[in-house]
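The structure appears below as structure tokens.
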Amino acid sequence: MNLESDPPVVAAVDGSEHSLRALSWALGAAEALAAPLVVAHVRSDALQLGAARIASLGTEPELPDTVLDTVRTVVEDRGHAVPVRYASLDGTVTDVLPEAARGARLLVTGSRGHGGFASLLLGSTGRSLAARAPCPLVVVPHEARTSSLDSGPDAGRVLLGLHPEETPDEVIDFAFETAALRRVPLEAMTALRLPPTPSAVAASPAPALQMPPPLPLADDTEELLSEARRELENRLRPFAEHRPDVKLVKTVAPGDAAGLLVDASADAALLVVGRHHRHRIADLLVGSVAHAVLHHAACPVAVVPPTPPGRQGA
């Protein structure tokens, strides 16, 4: 294993408890993948400014990165079976972390933190990072289990949020590969938003008066569900044939995709969703379902990017 040439797992840290839990997840992932680990810290604005002022005086800035020093102690005390490199970075989180993760297996962050990570998942920072990461971004919520890629019946399944017509192949591939690595089942879940019955439409108040109630089941519910199950079966068949070692559970349920996935994440080890191929507004690359599960899922969430144009089939 070569720390310089092998694709690493990149763990973004800021010294907060949330980021240390994500670091533990990332270290376990790196060991399971037999990949080196890069621990990346984006220095605070004050530290970057101080270093720039020292440099302007013609001397080499030697301001210590105390966050990385602390994290290094944590990692060494835990022990590790893969090479670990520590990177102190200057710039903005949304610019330098995607660059640091170029060519990486995973980019792993906590769900909240302080300093440069304070707004992660709470606003534009989280959306931008999820939209720009060049590799799968895994966000580890504070309450999630810290065992990364444990195997066995208690490890929890991999949960894939799947739209048969829109989810790219690379998202499905990632979910199957992760389930195979963990030696756990993969549940592929598709949500079916059913139309209301005519009677419900007639009885519904005007939208301006109140929020509409949840959509009731249509009269042809079973026909719609059967068609959705066929589409799901056809979409997954080539992947299942390629990975016969993965126990596949196919679920089609009526309702809202984000709500169903959040509920199902309570006993999952990892939730996998895709991001949009492209949008003129970069933040909207992270669709509403991905954004919702990043906020509310109980387990780590992997947002998998599509293959960039020009690299299809490469």
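All heavy atoms count here, side chains included; hydrogens, waters and symmetry mates do not. Predicted model, so just to flag it, every value in this text is computed and none were measured.
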Go through T109 and L129 one step at a time and tell me if the side-chain contact (heavy atoms from CB on, under 4.5 Å) criterion holds. CA-CA 10 Å; T109 76; L129 190 57; 4.1 Å; yes

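- No donor-acceptor pair closer than 3.5 Å links the side chain of S265 to the backbone N or O of A268.
- Side-chain atoms of R237 never come within 3.5 Å of backbone atoms of L232 as a donor-acceptor pair (strictly under, hydrogens ignored).
- Here the closest heavy-atom approach between residue A258 and residue V293 is recorded as O-CG1, 4.3 Å.
- Both cation-pi conditions hold for R72 and Y86: the charged atom is under 6.0 angstrom from the six-membered ring centre and inside a 45 degree cone around its axis.
- Checked against V9 for a side chain to side chain contact (heavy atoms under 4.5 Å, CB included), the options L107, V138, L106 give a single hit: L106.
- Here the OG1 atom belonging to T251 is positioned 10.0 Å from the CG atom belonging to L260, to the nearest 0.5 angstrom.
- Contact annotation: the side chain of L248 approaches that of K250 to within less than 4.5 Å [non-hydrogen atoms, C-beta and beyond].
- Looking at L225 and P254, their side chains come closer than 4.5 Å, going by heavy atoms from C-beta outward.
- Atom CD of E76 has more than 12 neighbouring heavy atoms from other residues, nucleotides or ligands inside a 6.0 Å radius.
- In this structure, M189 CE and L261 CG are separated by 6.0 Å, a value rounded to the nearest 0.5 Å.
- Within a 6.0 Å radius of NE2 in H80, other residues, nucleotides and ligands contribute more than 12 heavy atoms.
- The side chain to side chain contact (heavy atoms under 4.5 Å, CB included) with R275 is formed by just one residue from the set V303, L137, V171, V304; it is V303.
- Salt bridge annotation for E233-R230: absent, with no cationic side-chain nitrogen under 4.0 angstrom from a carboxylate oxygen.
- Formation of a donor-acceptor pair under 3.5 Å by the S19 side chain with backbone atoms of S16 is found in this model.
- The minimum heavy-atom distance between V67 and G15, with the atom names listed, is CG1-N, 3.6 Å.
- Contacts of D77 classified as side chain to side chain donor-acceptor pair (under 3.5 Å), with partners at least two apart in sequence or in another chain: none.
- Contact check for F174 versus D169: no side-chain heavy atoms found under the 4.5 Å cut-off.
- By the 4.5 Å heavy-atom criterion applied to side chains, V82 and L33 are not counted as neighbours.
- Sorted by first and then second residue, the pairs that involve residues 23-38 and meet salt bridge (Lys or Arg N to Asp or Glu O under 4.0 Å), not counting sequence neighbours, are E31-R78.
- The nearest pair of heavy atoms linking V139 to G110 is CG1-O, 4.1 Å.
- A salt bridge links R132 with D95: the closest approach of a Lys/Arg side-chain nitrogen to an acidic carboxylate oxygen falls below 4.0 angstrom.
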Show the numbers, then the answer: is there a side-chain hydrogen bond (donor to acceptor under 3.5 Å, both in side chains) between D65 and H41? CA-CA 9 Å; D65 190 330; H41 173 237; 2.9 Å; yes

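- R235 is not listed as a side-chain neighbour of E231, based on a closest heavy-atom distance of 4.5 Å or more.
- V252 approaches A228 most closely through the heavy-atom pair CG1-CB, 3.7 Å.
- Judged by distance alone, the side chain of R182 and the main-chain N or O of V158 form no donor-acceptor pair under 3.5 Å.
- With a 4.5 Å cut-off on side-chain heavy atoms, R105 and C135 do not count as touching.
- Linking Ile, Leu, Val, Met, Phe, Trp and Tyr whenever their side-chain heavy atoms come within less than 4.5 Å puts L181 and V272 in one cluster.
- The line from OG1 of T167 to CG of L162 is 4.5 Å long, rounded to the nearest 0.5 Å.
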Between E227 and E223, does a side-chain contact (heavy atoms from CB on, under 4.5 Å) hold up when you go through it step by step? CA-CA 6 Å; E227 177 60 27; E223 180 180 344; 5.9 Å; no

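- Closest heavy-atom contact between F176 and V246: O-CG2, 3.7 Å.
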Go through T92 and V96 one step at a time and tell me if the side-chain contact (heavy atoms from CB on, under 4.5 Å) criterion holds. CA-CA 6 Å; T92 64; V96 299; 5.6 Å; no

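- Between A188 and L236, the shortest heavy-atom contact is CB-CD1, 3.6 Å.
- Counting only heavy atoms from C-beta outward, the side chains of P136 and P305 approach each other to under 4.5 Å.
- Looking only at distances, no side-chain donor or acceptor of R157 sits under 3.5 Å from a matching main-chain atom of L186.
- Put simply, NE2 on H242 and CD1 on I172 are 13.0 Å apart, with the number rounded to the nearest 0.5 Å.
- Within the 3.5 Å criterion, the main-chain N or O of D69 finds a donor-acceptor partner in the side chain of T73.
- Hydrophobic clustering (ILVMFWY, side-chain heavy atoms < 4.5 Å, transitive): V13 and V84 are in one cluster.
- To the nearest 0.5 Å, the span separating CG on D267 from CG on L159 amounts to 9.0 Å.
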Could you walk me through whether V108 and L23 satisfy the side-chain contact (heavy atoms from CB on, under 4.5 Å) test, starting with their C-alpha distance in whole Å, then the side-chain angles of each, then the deciding distance to 0.1 Å, before giving a yes or no? CA-CA 7 Å; V108 182; L23 172 60; over 6 Å; no

